[in-house]
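Each remark here refers to the structure printed beneath this line.
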Amino acid sequence: MNPCSSDLPGTVGEAMPFLCDGALVTAQATLGGAALALVLAFAAGLAMLSPRRLVRVPARVYMEFFRGTSVIVQMFWIFFALPVLTGYRLAPLAAGILALGLNLGAYGAEVVRGGVLAVPRAQREAAIALNFSPYQRMRYVIMPQALAAMLPPLNNLLIELLKATSLVSAISVGDLIFESKALINSGSDRAVVMVLVMVIYLLYAGLITAVMRLLERRMARMLGREVRPLWPRRRRRSAGGELTVAAGGAR
Amino acid sequence: MKADPKADPTAEPQYMIRFDKVGKRYGDHQVLRDLDFTVRPRERCTLIGPSGSGKTTILRLLMTLERVTSGTIEVDGELLSHMRRGDRLVPADEKHLRRVRRKVGMVFQQFNLFPNMNVLRNITEAPVRVLGRSREEAEQRAMELLEMVGLSGKADAHPGRLSGGQQQRVAIARALAMEPEILLLDEVTSALDPELVAGVQSLLRDIASEGNLTILCVTHEMNFARDISDRVLMFDHGQIVEEGPPEKIFSDPVEQRTRDFLQAVLQT
Ligand SMILES: Nc1ncnc2c1ncn2[C@@H]1O[C@H](COP(=O)(O)OP(=O)(O)O)[C@@H](O)[C@H]1O
Ligand SMILES: [Mg+2]
């Protein structure tokens, strides 16, 4: 059955068509923000590792500035103040994506930098001994190993980003939160609407985590590490107190 | 920095490696001071000496993993750490480093294989990316090298699944795949379990006896040093205390410091 159908019973049927529209916009804001954030995170993260001050300093300034101010203020600036200053007005969703990307990209830059620094120095030296160029060292030796260290914190950042997309409703973008407020204002049952919104966010978060876990597994396999199971088996305490795997001994 | 700007770069090199008044300092710690020594083409030299005497530093300087703080190093008649600009010497840039570095290969104590590549890829990646070989050509050569080091069956294995001895053999094959003229070996068996040492040593003996490489080897295994080297250099505090053919150094050392060192090593 189509979950966006208005044929569903009661408040659910009344709300779902609107919430699905909102969910689509939330997905767009998340994906757009993530794409921009990733580009900025890699650019700034690698720039911060440059031996040249002229490259390092601007990246650092970008990171400190966008990490140190709140997304909502950045969003207001881009949406309301920028048009006044430049005469150029962005569509609300574009302004939201820009603010989210800039903000999360700043956090991501630190993750990228940390991931690269986590690769043992000996790996870089082995690559130098084989006469790889600086670019080749990064591309074929350091980055593939650094990515493995970056994935878990990037997963967290993507979830943060998903939640932060709710702020775009403040500049009148019709995301999940915007639609749910509209529904409540026009008399839908507040509790039912909020539960539906929560379930949709959780589904999205689960989706992000599942994709990141798959990537982590691929990385682990590439690096010859123990591969974690996708869904760790639940462990339960049996009556005797010893730990048993749920699928095994305990009923 | 004092260096001789009149040295003629076109002269036929008599030396594969030449250290000229090399100094290396880490902060306040002067590790090497006015170090002079040379290695002839195809000569096999072993550096011995107490821990902290600067042996690894010498190899790292040659591999361009460190820069000298004074003096100059030449490899095959070319300046390594510096390049000429007009009649001045300036620190070498990346392009210069890559050109001179082509002649030097190194095997590390801890193997340092790339965990994101299988064994074959570890050996072929640099020949393909750096030397511009075709993948087929590089793989064919890699298989020959794997055969030589006795690991033909492990081409597709992950480095982490190999024993230390096997990893070090792969690292040796990887260094040789770049066809260096100089091979640097830094305590390549010290990280191995005792039962794996002999295999790696006998492989290196074979490689050294082929005689087409200049080898600079740091080791604490005196029998191994005796087998593979034409000359042994005893280091202490970043300076050469004594040097000579292995028979001479090991059986009849002149310097007290050499005697003390050998006694300490042979006791363990
Ligand atoms: N990166 C470094 N920073 C500071 N001191 C160092 C560094 N590398 C080596 N040293 C010091 O230089 C000295 C010589 O080291 P090394 O060349 O590794 O000696 P060896 O290989 O003969 O044991 C040691 O005292 C060591 O502590
Ligand atoms: Mg050492």
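Excluded from the calculations below are hydrogen atoms, water molecules and symmetry mates; all remaining heavy atoms, backbone and side chain alike, are included.
- Taking every heavy atom of both residues into account, B:Glu66 and B:Leu61 meet most closely at O-CD2, 3.6 Å.
- Within the 4.5 Å cutoff, side-chain heavy atoms of B:Arg99 are placed close to those of B:Glu78.
- Interface remark: A:Ala148 contributes no atoms to any contact with chain B (heavy atom separation under 4.5 Å).
- For chain A, the nearby part of B:Met178 is the side chain; its heavy atoms alone come within less than 4.5 Å.
- Of the two parts of A:Gln136, only the side chain, counted from C-beta on, holds a non-hydrogen atom closer than 4.5 Å to a non-hydrogen atom of chain B.
- Heavy atoms of B:Arg174 lying under 4.5 Å from chain A belong to its backbone as well as its side chain.
- Of the N and O atoms on the side chains of A:Thr69 and A:Gln74, at least one donor lies less than 3.5 Å from an acceptor on the other residue.
- Looking at B:Arg161, the atoms closer than 4.5 Å to chain A (heavy atoms on both sides) all sit in the side chain, from C-beta outward.
- Chosen from B:Gln110, B:Met63, B:Met106, the residue pairing most often with chain A at heavy-atom distances under 4.5 Å is B:Met63.
- Annotation for A:Leu117 and A:Leu49: closest pair CD2-CD2, 3.7 Å, computed over non-hydrogen atoms.
- Residues B:Arg25 and B:Thr69 have side chains that never bring a donor and an acceptor to within less than 3.5 angstrom of each other.
- When the candidates B:Arg98, B:His158, B:Arg101 are compared by the number of heavy-atom contacts under 4.5 Å with chain A, B:Arg98 comes out ahead.
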Stepwise, does the side chain to side chain contact (heavy atoms under 4.5 Å, CB included) test hold for B:Cys217 with B:Phe224?
-> CA-CA 10 Å; B:Cys217 169; B:Phe224 177 60; 4.0 Å; yes

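- With a 4.5 Å cut-off on non-hydrogen atoms, B:Leu131 does not touch chain A at all.
- Exactly one residue among A:Met48, A:Arg124, A:Met138 makes a side chain to side chain contact (heavy atoms under 4.5 Å, CB included) with A:Val116. That residue is A:Met138.
- Heavy-atom distances place the side chain of A:Arg137, and not its backbone, under 4.5 Å from chain B.
- For B:Phe114, the parts lying under 4.5 angstrom from a heavy atom of chain A are both the backbone and the side chain.
- Considering all non-hydrogen atoms of both residues, A:Ser169 and A:Asp175 come closest at CB-OD1, 3.3 Å.
- Residue contact with chain A, scored on non-hydrogen atoms closer than 4.5 Å, involves the backbone and the side chain of B:Glu125 alike.
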